[in-house]
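Below: one structure, written as structure tokens.
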Amino acid sequence: MFSHASAVADPRIAAPAARPLSPLTILFGSQTGSSETLAKRAAREAGKRGFAATVMDMAQTDPVKLAAEKNVLIITSTYGEGDPPDNAKALHTALQSAPAGSLTGLRFSVCALGDRNYNQFCKCGQDFDSFLEKLDAFRAAPRVDCDVDYDEPFTKWLDGALGALGQQASTPATGVEVAKPETQNSKPETASGFSKINPFLAPILAVRRLSGAESQKDVNHVEFSLEGSGLVYEAGDALGVWPQNCPELVNSVLAALQCDGEEAVATPVGELPLRIALLKHYDLGKPLPELLTLFATAGVAAGSPPANFPPAENLLDVLDVLQAHPGRALAPADFVRVLRKLQPRLYSIASSPKAHAGRVHLTVGAVRYAAQGRARKGVCSTFLAERALAAGRIGVYLHHNSAFKPPPDGARPMIMVGPGTGIAPFRAFLHERRATGATGRNWLFFGDQRASHDFLYRDELESLRAAGSLHRLDTAFSRDQTHKVYVQDRMRENGPELFRWLEAGAHFYVCGDASRMAKDVDTALRDIIQREARLTPDAAAAYLDKLRAEKRYARDVY
Ligand SMILES: Cc1cc2nc3c(=O)[nH]c(=O)nc-3n(C[C@H](O)[C@H](O)[C@H](O)COP(=O)(O)OP(=O)(O)OC[C@H]3O[C@@H](n4cnc5c(N)ncnc54)[C@H](O)[C@@H]3O)c2cc1C
Ligand SMILES: NC(=O)c1ccc[n+]([C@@H]2O[C@H](COP(=O)([O-])OP(=O)(O)OC[C@H]3O[C@@H](n4cnc5c(N)ncnc54)[C@H](OP(=O)(O)O)[C@@H]3O)[C@@H](O)[C@H]2O)c1
Ligand SMILES: Cc1cc2nc3c(=O)[nH]c(=O)nc-3n(C[C@H](O)[C@H](O)[C@H](O)COP(=O)(O)O)c2cc1C
């Protein structure tokens with residue numbers, strides 16, 4: 001019922017060929033849907049180039065099934081600290097202990113998605129690449145490690161990989177094999193024509209503060225109109241938002257560069273005044289090493305190597321680097337050449353289109369902190385909190401995530417753990433289930449600092465509860481007592497009941513902080529299963545693997 005496998009070769013293109021289609025399996029490891037989307041794109045391209053391509057979720061295969069394959073493309077992201085995405089975990093583990101020689105005869109190539117801001121850049125793709133090599137599979141084309149701007153390197157890799165696999169295909173020409181058309185998840189990526197690189201300029205309808213005036217946080221409910229865009233989303237999807245940099249930060253950068261902002265510079269959309277380029281097109285966050293090199297080289301050329309060069313860990317953003325080199329202005333054109341391009345941010349959608357047609361809601365926590373004596377602001381979250389309403393229209397696109405959806409069977413129970421902004425998709429799930437009349441029971445664990453200031457969507461959740469659309473609501477307000485109480489404590493207190501829900505077929509969802517909360521919730525879930533089912537640790541881990549493979553344990557964590 002949950003299989004993701006789908007053959008996608010286009011029979012109209014295949015029909016005239018005299019050769020059989022070469023089989024190709026495209027495996028994706030994906031947490032938030034990008035690798036899956038690319039796998040489908042790869043399958044469409046492969047279909048045009050004489051392959052019978054099948055897209056497959058990594059959770060649906062194992063080393064034995066892989067050994068029976070001829071040609072495999074792997075597209076996977078990396079999560080946590082160099083970890084595989086959830087759906088790739090079991091295969092990642094199994095391949096490590098598979099015997100040498102077990103994949104002889106398999107031809108493969110790997111596309112790794114990642115983000116250079118993380119220390120373990122593209123680690124999971126690198127792991128799969130080396131596991132397959134150790135198991136004697138043949139690397140038909142070199143791996144590509146893609147940063148967040150993955151379109152171009154992906155396209156180049158795909159072209160090379162399909163070319164290499166095509167050349168090496170040695171099946172005799174005996175007839176034409178017609179692949180089944182794609183049956184599942186066949187939603188075109190850009191049915192509306194809008195996409196990450198061609199965003200819809202969505203009118204912003206509202207920015208309403210959810211956290212109380214005395215809260216230590218600034219969490220906002222943000223609403224956009226999608227009317228007229230043709231964009232169609234589902235509960236569980238995310239919205240990509242193109243932000244602009246803070247004008248005060250841009251002023252500080254211009255001052256450090258000794259520029260007035262009118263200087264013309266190149267940008268991805270053509271020549272623009274430096275001020276506009278810095279506001280809209282370049283990332284002023286974590287500096288590229290090339291920026292430091294530029295200063296070092298400029299210094300040497302000018303005969304004045306930098307004195308007391310600050311340690312790299314103190315240079316958190318581009319302005320830190322500029323201010324560490326006072327009086328050593330760079331030419332604007334050289335400067336922008338060593339900046340990253342500004343990237344969109346993803347936000348889990350907090351609305352269901354069945355309840356809020358033509359609109360999309362987000363729950364956005366503003367990132368603000370101080371470092372080295374300077375107040376710092378997250379680019380997109382504070383753009384939405386402070387300047388989005390004035391901007392009027394904002395570039396957005398949909399990011400589909402088929403791995404994070406309410407249970408397809410409306411009668412199944414669902415358990416949702418969503419502290420802080422992690423509440424967002426669960427508000428969408430609850431609205432969706434109410435709108436569709438789903439009969440399954442719904443259990444939400446919510447937590448935040450204080451009930452009086454941080455109980456996001458409190459009235460709405462209580463109304464849903466009163467109306468019988470939310471069957472259980474357990475809260476953990478961490479700072480309302482002397483000791484911390486977290487959502488996983490509430491899970492443990494309710495362990496027997498939680499396990500009964502799982503045994504009754506419940507889906508278990510987690511959303512919010514990846515680095516601490518999601519790990520601790522995973523441990524608590526494992527402990528509850530182990531205790532209630534009286535299992536060994538290994539058997540409890542296998543229970544969780546099975547939940548994952550059945551798509552009954554899904555996480556949207558960041
Ligand atoms: C699939 C997905 C769904 C998401 N859903 C939501 C959501 O529903 N709601 C939501 O609010 N966010 C969500 N996020 C997070 C969101 O995408 C952004 O990452 C977040 O808003 C921060 O972006 P920013 O541009 O404001 O901050 P950035 O400019 O990107 O700055 C963030 C960076 O600042 C640094 N930083 C932050 N705090 C500190 C600190 N105290 N000390 C030192 N450095 C620090 C870290 O390096 C951090 O990576 C989601 C992310 C993903 C991937
Ligand atoms: N990648 C990014 O750029 C980015 C940007 C924004 C947010 N985030 C992540 O998103 C998270 C969501 O932020 P948020 O402010 O909405 O919520 P949050 O920080 O997750 O806080 C929500 C509640 O969770 C509690 N908590 C802290 N540690 C926990 C743990 N180990 N297990 C369970 N609960 C725990 C907090 O308690 P206490 O605070 O009292 O300990 C608070 O009561 C942030 O923590 C951050 O890590 C990431
Ligand atoms: C919480 C979190 C952790 C991540 N950890 C890493 C990492 O360790 N290394 C890396 O290269 N990329 C990391 N990434 C970036 C993702 O791999 C990247 O965004 C990728 O395009 C996501 O693809 P997907 O949607 O298919 O999962 C992380 C992203 C998030 C949100």
Side-chain angles (χ1 to χ4, degrees), residues 28-39 75-83 85-88 112-126 145-148 150 211 216-220 222 237-241 243 245 283-286 316-317 342-350 362-371 376-385 399 401 403-404 417-425 446-450 454 456 476-480 484-489 511-521 524 556-558:
F28 65 85
S30 189
Q31 194 73 36
T32 59
S34 307
S35 306
E36 182 178 358
T37 301
L38 292 186
I75 304 173
T76 184
S77 59
T78 295
Y79 267 79
E81 289 138 28
D83 302 328
D86 287 346
N87 75 320
L113 294 197
D115 180 340
R116 279 193 196 280
N117 284 307
Y118 291 91
N119 292 334
Q120 306 267 12
F121 176 57
C122 286
K123 171 79 165 46
C124 177
Q126 293 164 6
D145 292 343
C146 305
D147 202 351
V148 286
Y150 49 69
S211 31
Q216 291 183 22
K217 298 186 176 182
D218 176 14
V219 181
N220 289 285
V222 178
D237 289 339
L239 189 77
V241 177
N245 279 312
D283 181 354
L284 300 176
K286 192 174 172 183
L316 296 178
D317 71 4
L342 191 56
Q343 293 297 327
R345 303 320 195 238
L346 292 180
Y347 293 92
S348 311
I349 293 177
L362 308 179
T363 312
V364 180
V367 173
R368 294 191 183 93
Y369 59 99
R376 322 244 165 174
K377 302 202 278 193
V379 177
C380 192
S381 58
T382 59
F383 169 65
L384 289 171
H399 184 91
N401 186 356
F404 203 79
V417 182
T421 52
I423 184 72
F446 175 74
D448 215 319
Q449 293 183 352
R450 295 182 187 281
D454 304 303
L456 309 180
F477 291 101
S478 51
R479 303 191 188 186
D480 273 350
K484 294 270 176 149
V485 176
Y486 290 153
V487 279
Q488 62 272 24
D489 300 317
C511 181
D513 172 46
S515 60
R516 298 158 301 156
M517 181 277 295
K519 286 183 185 157
D520 292 349
V521 165
D556 174 20
V557 294
Y558 44 87

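In listed order, ligands and their atoms are each counted from 1. When a residue number appears, it is its place in the shown sequence, counting from 1. We use all heavy atoms of the structure for the numbers below, so side chains are in, but hydrogens, waters and symmetry mates are not.
- The pair Asp454-Arg479 fails the salt-bridge criterion, with no side-chain N (NZ, NE, NH1 or NH2) lying under 4.0 Å from an Asp/Glu carboxylate O.
- Closest of all the heavy-atom pairs between Asp556 and Pro425 is OD2-CG, 4.0 Å.
- When every heavy atom of Phe446 is checked against every heavy atom of Gly418, the shortest pair comes out as CD1-O, 3.2 Å.
- Residue contacts with ligand 3: Gly33 is placed with a nitrogen or oxygen under 3.5 Å of a nitrogen or oxygen of the ligand (distance criterion only).
- Atom 52 (C) of ligand 1 has its nearest heavy-atom neighbour, among Phe383, Tyr558, Tyr79, Phe404, in Tyr558.
- In terms of protein heavy atoms, atom 8 (O) of ligand 3 is closest to Gly82 N, 3.0 Å.
- Close N/O approach between Leu346 and ligand 1 is found [any backbone or side-chain N/O within under 3.5 Å].
- A distance of 11.5 Å separates OG1 in Thr76 from CD in Gln126, rounded to the nearest 0.5 Å.
- The protein atom (non-hydrogen) at minimum distance from atom 19 (O) of ligand 3 is Tyr79 OH, 4.4 Å.
- For the residue pair Ser77 and Ser35, the shortest heavy atom distance occurs at N-OG, 3.4 Å.
- Gln31 and Asp86 share a side-chain donor-acceptor pair at under 3.5 Å.
- Ligand 1 has a nitrogen or oxygen under 3.5 angstrom from a nitrogen or oxygen of Thr363.
- Listed here is the closest heavy atom pair of Ser381 and Tyr347: N-OH, 3.5 Å.
- Protein heavy atom nearest atom 5 (N) of ligand 3, with residue, atom name and distance: Gly80 O, 3.1 Å.
- Within the 4.0 Å cut-off (strictly below), a protein heavy atom is located near atom 8 (O) of ligand 1.
- The distance from ligand 3 to the heavy atoms of Ser30 drops below 4.0 Å at these ligand atoms: 24 (P), 25 (O), 26 (O), 27 (O).
- Scanning Tyr558, Tyr118, Phe121 for the heavy atom closest to atom 7 (C) of ligand 3 points to Tyr118.
- When all heavy atoms are compared, the tightest approach of Tyr558 to Cys511 is CE2-SG, 3.9 Å.
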request  = Take Asp115 and Asp147 through the side chain to side chain contact (heavy atoms under 4.5 Å, CB included) test and state the conclusion after the steps.
outcome  = CA-CA 5 Å; Asp115 180 340; Asp147 202 351; 4.0 Å; yes
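- For atom 3 (C) of ligand 1, the protein comes within 4.0 Å by at least one heavy atom.
- For a threshold of 3.5 Å applied to N or O pairs, the pair formed by Gln31 and ligand 3 contains at least one separation below that value.
- Atom 25 (O) of ligand 3 has its closest protein heavy atom at Thr32 OG1, 2.5 Å.
- Ligand 1 has a nitrogen or oxygen under 3.5 angstrom from a nitrogen or oxygen of Tyr347.
- Interface of Gly114 with ligand 3, defined as ligand atoms under 4.0 Å from a residue heavy atom, comprises 10 (C), 11 (O), 12 (N), 17 (O).
- Contacts between Ala514 and ligand 3 below 4.0 angstrom, taking non-hydrogen atoms only, involve the side chain exclusively.
- Distance check on atom 30 (O) of ligand 1: some protein heavy atom falls below the 4.0 Å cut-off.
- For atom 20 (C) of ligand 3, the closest non-hydrogen atom on the protein side is Ser77 CB, 3.8 Å.
- Checked against a 3.5 angstrom limit, the closest N/O atoms of Ser348 and ligand 1 fall inside it.
- For atom 42 (N) of ligand 1, the closest heavy atom belonging to the protein is Tyr369 CD1, 3.4 Å.
- Atom OG of Ser30 and atom CG of Asn401 lie 6.5 Å apart (nearest 0.5 Å).
- When only interatomic distances are considered, the shortest N/O to N/O separation between Val364 and ligand 1 does not fall below 3.5 Å.
- Note: no N/O pair closer than 3.5 Å links Asp83 and ligand 3 by distance alone.
- Note that CG of Leu113 is 12.5 Å distant from CZ of Phe28, once rounded to the nearest 0.5 Å.
- Summarising the geometry, atom OG1 belonging to Thr78 is positioned 8.5 Å from atom CZ belonging to Phe121; distances are rounded to the nearest 0.5 Å.
- Those atoms of ligand 3 that come under 4.0 Å of a heavy atom in Gln120, given as number and element, are 7 (C), 8 (O), 9 (N), 10 (C), 11 (O).
- Within a 4.0 Å radius of atom 46 (C) of ligand 1, the protein contributes no heavy atom.
- The NE2 atom of His399 lies 10.0 Å from the OG atom of Ser348; values are rounded to the nearest 0.5 Å.
- Taking 4.5 Å as the limit, some side-chain heavy atom of Tyr486 sits within range of a side-chain heavy atom of Ser478.
- A salt bridge between Arg368 and Asp218 is present, with a side-chain N of the basic residue lying under 4.0 Å from a carboxylate O of the acidic one.
- Distances between N or O atoms of Gly365 and those of ligand 1 include at least one value under 3.5 Å.
- Residue Cys122 holds the heavy atom nearest to atom 11 (O) of ligand 3 of all those in Gly29, Cys124, Cys122.
- Of the N or O atoms in Thr382, none lie within a sub-3.5 Å distance of an N or O in ligand 1.
- Set against the non-hydrogen atoms of Leu113, the atoms of ligand 3 under 4.0 Å away are 17 (O), 21 (O).
- When hydrogens are left out, the protein atom nearest atom 16 (C) of ligand 3 is Thr78 O, 3.5 Å; that is the closest non-hydrogen contact.
- Contact annotation: for Ala238 versus ligand 1, there are no heavy atoms closer than 4.0 Å.
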Distances only, to 0.1 Å: what are the N or O pairs between ligand 2 and the protein that fall under 3.5 Å?
{"residue": "ligand 2", "atom": "15 (O)", "partner": "Lys217", "partner atom": "NZ", "Å": "2.8"}
{"residue": "ligand 2", "atom": "16 (O)", "partner": "Thr421", "partner atom": "N", "Å": "2.7"}
{"residue": "ligand 2", "atom": "16 (O)", "partner": "Thr421", "partner atom": "OG1", "Å": "3.1"}
{"residue": "ligand 2", "atom": "17 (O)", "partner": "Lys217", "partner atom": "NZ", "Å": "3.4"}
{"residue": "ligand 2", "atom": "21 (O)", "partner": "Lys217", "partner atom": "NZ", "Å": "3.2"}
{"residue": "ligand 2", "atom": "31 (N)", "partner": "Asp520", "partner atom": "OD2", "Å": "2.8"}
{"residue": "ligand 2", "atom": "32 (N)", "partner": "Gln488", "partner atom": "OE1", "Å": "3.4"}
{"residue": "ligand 2", "atom": "32 (N)", "partner": "Gln488", "partner atom": "NE2", "Å": "3.0"}
{"residue": "ligand 2", "atom": "37 (O)", "partner": "Ser478", "partner atom": "OG", "Å": "3.0"}
{"residue": "ligand 2", "atom": "39 (O)", "partner": "Arg479", "partner atom": "NH2", "Å": "2.9"}
{"residue": "ligand 2", "atom": "40 (O)", "partner": "Ser478", "partner atom": "OG", "Å": "2.7"}
{"residue": "ligand 2", "atom": "40 (O)", "partner": "Arg479", "partner atom": "NE", "Å": "2.7"}
{"residue": "ligand 2", "atom": "40 (O)", "partner": "Arg479", "partner atom": "NH2", "Å": "3.4"}
{"residue": "ligand 2", "atom": "40 (O)", "partner": "Lys484", "partner atom": "NZ", "Å": "2.8"}
{"residue": "ligand 2", "atom": "41 (O)", "partner": "Lys484", "partner atom": "NZ", "Å": "3.0"}
{"residue": "ligand 2", "atom": "41 (O)", "partner": "Tyr486", "partner atom": "OH", "Å": "2.6"}
{"residue": "ligand 2", "atom": "43 (O)", "partner": "Asp448", "partner atom": "O", "Å": "3.1"}
{"residue": "ligand 2", "atom": "43 (O)", "partner": "Gln449", "partner atom": "N", "Å": "3.4"}
{"residue": "ligand 2", "atom": "43 (O)", "partner": "Ser478", "partner atom": "OG", "Å": "2.7"}
{"residue": "ligand 2", "atom": "45 (O)", "partner": "Arg516", "partner atom": "NH2", "Å": "3.1"}
{"residue": "ligand 2", "atom": "47 (O)", "partner": "Asp513", "partner atom": "OD1", "Å": "2.6"}

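- When each atom of ligand 1 is checked for a heavy atom of Thr32 under 4.0 Å away, the hits are 1 (C).
- Residue-ligand proximity, Val367 to ligand 1, at heavy-atom distances under 4.0 Å covers atoms 22 (C), 37 (C), 38 (N).
- Protein heavy atom nearest atom 10 (C) of ligand 3, with residue, atom name and distance: Asp115 N, 3.5 Å.
- Against a heavy-atom cut-off of under 4.0 Å, Ser34 is close to the following atoms of ligand 3: 23 (O), 24 (P), 25 (O), 26 (O).
- In this structure, atom 33 (C) of ligand 1 is not in close contact with the protein, since no protein heavy atom lies within 4.0 Å of it.
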